[in-house]
Amino acid sequence: MADLAIALDLPNAARALGVVDAVGPEATWYKLGPVLFVAEGPTLVRELVERGKRVFLDLKWHDIPNTVAGAVAAAGALGVTLATVHLSGGARMLAAAAGARRDGLRLVGVGVLTSLGAAEYADIVGRPVEDLAREQCRLVERGMAAGLDGFVTAAAEAPALRRVAGPDALLVVPGIRRADDAAADHNRIATPAMAIRAGADLLVVGRPVTEASDAREAVRAIREEMAR
Ligand code: C5P
């Protein structure tokens, strides 16, 4: 059954743990990105793991194979449950990352960043690109060949990715907003029900929970919409 990860895009551990305390048993998964991880590091990861939480470490690794494999192994030893790598790191980097998984750590790939438009992406790869969704599927094929566990995708592209990645792949979907939430800085958003229908396995929600006056109630409302 699909689950929900709360993105802790907050500046320090005190604020992050305040959200975790407020949400209580309503959520198990928490996503840590580079801002909070650089500020608070493994101590916060250990604290969350000790509280029985699952940590999704979203550092989107992209480096030489040996370095990424080392980061994956270190994350596994720390008790991280899910981490991200860039699919554009190349087949050897992805295989090294997949080969370094230990202790229940799963790895999902990030393809074309949603902040990129077709023209900017074409400039990076040095050839004309008209269809970013097709690029995303092409990169996902590389990730599957390397043995990754799943992919990060917008809800709109999840059905196409599922066809490429197969039924066992873990599809992680950010950009989730309830019908009456503000879209903030997302170009494309989906409601919890839309994401579930698109085949999401793990929904990622940040500010609608971390900025809510009642974080637990916000999670409860999202779960309710997931079940619709
Ligand atoms: O606050 P909000 O719900 O917009 O947070 C979404 C989270 O998902 C952020 O941590 C953001 O970095 C992440 N994200 C992502 N890939 C995207 C869009 C958002 O990893 N394409």
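All ligand and atom numbering here is 1-based and tracks the order in the structure. These values consider heavy atoms only, across backbone and side chains, with no hydrogens, waters or symmetry-generated copies.
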| said: Between Arg138 and Asp131, does any side-chain N to carboxylate O distance fall below 4.0 Å? | reply: no
| said: Asp21: which residues meet the salt bridge (charged side-chain N to carboxylate O under 4.0 Å, His left out) condition with it, sequence neighbours left out? | reply: Arg51
| Which of the numbered atoms in ligand 1 are below 4.0 angstrom from a heavy atom of Asp9? | 9 (C), 10 (O)
| request: Go through the steps to decide whether Thr191 and Arg177 satisfy the test side-chain contact (heavy atoms from CB on, under 4.5 Å), and finish with yes or no. | output: CA-CA 5 Å; Thr191 64; Arg177 291 294 181 271; over 6 Å; no
| query | In terms of side-chain geometry, is the basic nitrogen of Arg101 or Asp149 positioned less than 4.0 Å from the acidic oxygen of its partner? | reply | yes
| message | Walk me through whether Arg162 and Asp201 qualify under salt bridge (Lys or Arg N to Asp or Glu O under 4.0 Å). | response | CA-CA 11 Å; Arg162 176 68 75 196; Asp201 297 299; 2.9 Å; yes
| task | May I ask you to identify, for Asp58, whether its side chain, its backbone, both or neither come under 4.0 Å of ligand 1 on a heavy-atom basis? | result | side chain
| Based purely on interatomic distance, does Val205 place a nitrogen or oxygen under 3.5 Å from a nitrogen or oxygen of ligand 1? | no
| request: Considering the heavy atoms of Lys60, write down every atom of ligand 1 situated less than 4.0 Å from one of them. | output: 20 (O)
| query | Going by the order shown, which atoms of ligand 1 are within less than 4.0 Å of some heavy atom of Thr114? | reply | 17 (C), 21 (N)
| request: For Arg207, take its heavy atoms, then give the atoms of ligand 1 lying under 4.0 Å from any of them. | output: 1 (O), 2 (P), 3 (O), 4 (O)
